[in-house]
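Below you'll find the structure, written out as structure tokens, and then a few comments.
FYI, the numbering just counts along the sequence from 1. In each ligand, atom 1 is the first atom listed, and ligand 1 is the first ligand listed. These values consider heavy atoms only, across backbone and side chains, with no hydrogens, waters or symmetry-generated copies.
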Amino acid sequence: MKVPAPCVAASVAAAGALLLKLYSRERGRVSVVERFPATVDGKVVVMVTGGSGLVGCGIEAALRKSPNANERWVFLSSKDGDLRDSEAVRKIYAKHRPTYVIHLAARVGGLYANMTYKVQFWRDNVAINDNVMHWAKEYHVKKLISCLSTCIFPDKTSYPIDETMIHNGPPHSSNEGYAYAKRMIDVLNRAYNSQYGCKFTSIVPTNIFGPGDNFSITDGHVLPGLMHKCLLAQKGETDEFTIWGSGTPLRQFIYNEDLGALVLWVMREYEDCEPIILSVGEEDEVSIKDAAMAVVKGMEYTGPVRFDTSKSDGQFKKTASNAKLRRLHPDFQFTPFAQAVASTCEWFKENYETARK
Ligand code: NAP
Ligand code: GDP
């Protein structure tokens with residue numbers, strides 16, 4: 001666990017003294033519910049599950065630019081406990097007593113990992129989400145923000161996709177396990193709100209990339225996978241830079257540092273329980289071929305490039321509307337795609353030995 005602000009054990013103990021024990025009836029039995037003060041030492045506690053991952057890195061970068069002395073941030077990794085285990089999650093809530101929870105932890109992967117491990121994507125994510133939501137309710141978390149994805153939307157749909165369309169038809173078959181597990185977060189956000197009055201909401205990012213990504217060639221998303229393959233080709237460790245599929249599918253990419261800034265905005269200012277798409281505009285959608293060419297430029301690679309069309313293309317497009325975001329946060333500026341790709345290539349080269357890959 002990383003705690004950027006000083007962790008004041010004494011203040012936690014003092015807060016513990018204020019702990020109120022309430023009794024509630026649930027499913028016919030009496031259970032003890034612990035209610036903690038909304039602040040510790042006058043600070044709200046923001047707990048980030050999956051804080052060691054790509055989006056967690058983006059939030060940390062955004063916090064460096066936009067700190068708030070009234071917030072104490074706790075970034076969790078799997079080393080702090082396996083969130084598939086209910087008792088481990090209870091202990092995490094009891095220890096940190098979060099006011100807000102940003103729930104990022106998930107089994108995450110690119111198209112090819114999703115196609116291979118559908119059962120694990122379903123089981124791990126359902127277990128993690130069920131535990132994080134249940135204990136957020138039990139510990140009276142003021143706001144829980146969970147993370148969906150535009151790849152959970154129906155495969156057959158009209159475009160652009162908006163926040164109302166999540167359940168309008170089956171997802172693409174390549175990621176059924178992940179998509180249905182994620183969709184249930186949206187269902188449960190409404191259920192917890194209607195049954196218990198919880199403020200549980202969700203964000204819906206598009207394809208994310210940036211420093212701290214998983215650069216695994218087999219399991220990662222397209223941009224980190226391409227960056228890794230391109231770097232190996234540039235170093236002469238492979239004969240050519242291979243792009244999988246036809247290169248024609250379209251994607252909207254979001255830089256993790258931009259997403260981090262938007263997550264801070266959602267945490268501090270977005271009060272709705274309904275999901276919000278966090279995406280660049282429809283006009284910024286690019287083909288996989290164009291994305292690969294941005295990687296070629298970012299890596300300053302000059303060797304041969306090939307498409308391996310024996311590999312699946314996955315869903316052709318998932319074009320999402322960011323009209324809701326634009327309406328509520330009109331001034332937000334996204335980092336230009338080529339600049340963000342070049343920065344990420346630079347980061348990967350500099351951190352090659354330690355990067356996840
Ligand atoms: P990531 O880089 O793979 O990080 C995953 C995080 O979850 C890590 O901190 C990992 O901990 C933690 N985690 C995984 N399994 C866990 C478990 N069983 N118990 C505890 N912690 C566990 O993922 P990301 O790309 O930041 O994704 C964050 C969120 O964004 C996810 O909900 C994902 O579905 C969503 N999303 C991602 C994308 C994308 O393109 N990446 C697009 C749309 C939505 P360790 O570091 O210790 O392994
Ligand atoms: P998606 O956006 O959820 O479908 O997942 P990805 O980030 O894995 O992107 C998949 C798209 O990128 C498909 O059209 C793939 O054919 C294409 N692609 C091209 N090269 C690669 C690669 O090296 N890795 C991955 N994951 N996808 C690639």
Side-chain angles (χ1 to χ4, degrees), residues 1-2 48-59 75-85 88-89 92 102-115 120-121 123-125 127-129 131-132 145-152 171-172 174-175 178-179 181-182 185 202-230 241-254 256 259-260 263 277-279 287-289 291-292 295 306-318 320 356:
M1 187 222 7
K2 289 181 277 173
V48 184
T49 73
S52 55
L54 170 66
V55 181
C57 289
I59 295 175
F75 289 85
L76 302 174
S77 78
S78 62
K79 294 194 186 85
D80 296 291
D82 185 341
L83 301 179
R84 293 171 300 183
D85 171 1
V89 181
I92 286 172
I102 298 173
H103 172 39
L104 307 175
R107 179 184 267 265
V108 182
L111 167 65
Y112 304 101
N114 268 280
M115 287 169 67
Q120 285 78 9
F121 273 91
R123 296 194 67 208
D124 287 0
N125 287 323
I128 289 171
N129 298 337
N131 291 330
V132 169
I145 302 162
S146 299
C147 200
L148 310 183
S149 166
T150 51
C151 61
I152 72 170
H172 193 265
S174 59
N175 70 347
Y178 176 82
K182 286 279 180 188
I185 291 180
S202 62
I203 53 172
V204 190
T206 54
N207 199 313
I208 311 159
F209 70 101
D213 210 338
N214 175 7
F215 292 83
S216 161
I217 292 176
T218 48
D219 292 342
H221 281 93
V222 56
L223 280 171
L226 289 175
M227 287 174 193
H228 195 170
K229 287 191 281 188
C230 192
F241 171 39
T242 311
I243 301 157
W244 290 342
S246 66
T248 57
L250 302 172
R251 294 290 183 271
Q252 285 154 300
F253 292 100
I254 183 165
N256 69 339
L259 182 59
V263 170
I277 290 175
L278 302 181
S279 171
S287 69
I288 295 296
K289 181 182 175 190
V295 171
R306 187 175 73 87
F307 289 88
D308 179 353
T309 51
S310 70
K311 294 273 195 182
S312 168
D313 267 345
Q315 195 165 346
F316 179 67
K317 65 177 185 174
K318 319 162 183 206
R356 274 188 297 165

inquiry  = Do T218 and Y112 make a side-chain contact, defined as non-hydrogen atoms from C-beta onward lying under 4.5 Å apart?
reply    =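 Heavy-atom side-chain distance check fails, nothing below 4.5 Å.
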Close approach, [X] and ligand 2, non-hydrogen under 4.0 angstrom:
X: G314; result: no
X: H172; result: no
X: K229; result: yes

How far is [atom] from its nearest protein heavy atom, and which residue and atom is that?
atom: atom 17 (C) of ligand 2; answer: W244 O, 3.7 Å
atom: atom 1 (P) of ligand 2; answer: K318 NZ, 3.4 Å
atom: atom 14 (C) of ligand 1; answer: A106 O, 3.3 Å
atom: atom 6 (P) of ligand 2; answer: V222 N, 3.6 Å
atom: atom 31 (C) of ligand 1; answer: L104 O, 3.0 Å
atom: atom 2 (O) of ligand 1; answer: R356 NH2, 2.6 Å
atom: atom 30 (O) of ligand 1; answer: C147 SG, 3.2 Å
atom: atom 15 (C) of ligand 2; answer: Y112 OH, 3.4 Å
atom: atom 18 (N) of ligand 1; answer: D82 OD1, 3.0 Å
atom: atom 44 (C) of ligand 1; answer: L148 O, 3.2 Å
atom: atom 26 (N) of ligand 2; answer: G220 O, 3.1 Å
atom: atom 14 (O) of ligand 2; answer: D313 O, 2.7 Å

Contact region, I208 to ligand 1, non-hydrogen atoms below 4.0 Å, reads both
Structural part of T206 in contact with ligand 1, heavy atom criterion under 4.0 angstrom: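 Backbone only.
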Where's the contact between [X] and ligand 2, heavy-atom distance under 4.0 Å: side chain, backbone, both or neither?
X: I288; value: side chain
X: N207; value: side chain
X: S312; value: backbone
X: Q315; value: neither

* Asked: Can R107 be said to touch ligand 1, with heavy atoms closer than 4.0 Å?
  -> no
Minimum non-hydrogen distance to [atom], winning option of [options]:
atom: atom 33 (C) of ligand 1; options: F121, F75, Y178; answer: Y178
atom: atom 27 (O) of ligand 1; options: N256, L54, V108; answer: V108
atom: atom 4 (O) of ligand 1; options: G212, G53, G220; answer: G53
atom: atom 43 (C) of ligand 1; options: S78, G110, S149, C57; answer: S149
atom: atom 6 (C) of ligand 1; options: G50, G210, S52; answer: G50

Counting from 1 in the order shown, the ligand 1 atoms closer than 4.0 Å to a non-hydrogen atom of H221 are 39 (C), 40 (O), 41 (N)
Quiz item: What are the atoms of ligand 1, with element, lying closer than 4.0 Å to any heavy atom of N207?
Solution: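 Every atom of ligand 1 under 4.0 Å from some heavy atom of N207: 40 (O).
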| task | Report yes if A105 has an N/O atom closer than 3.5 Å to an N/O atom of ligand 1; otherwise report no. | result |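 It does not: no N or O of A105 is found under 3.5 Å from an N or O of ligand 1.
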Within the structure, does K182 bring an N/O atom to less than 3.5 angstrom of an N/O atom in ligand 1? yes
Review point. For N129 and H103, does a side-chain donor sit closer than 3.5 Å to a side-chain acceptor?
Key: yes
Can S310 and D308 be counted as having a side-chain donor-acceptor contact under 3.5 angstrom?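 A pair is found: one side chain offers a donor N or O, the other an acceptor, under 3.5 Å apart.
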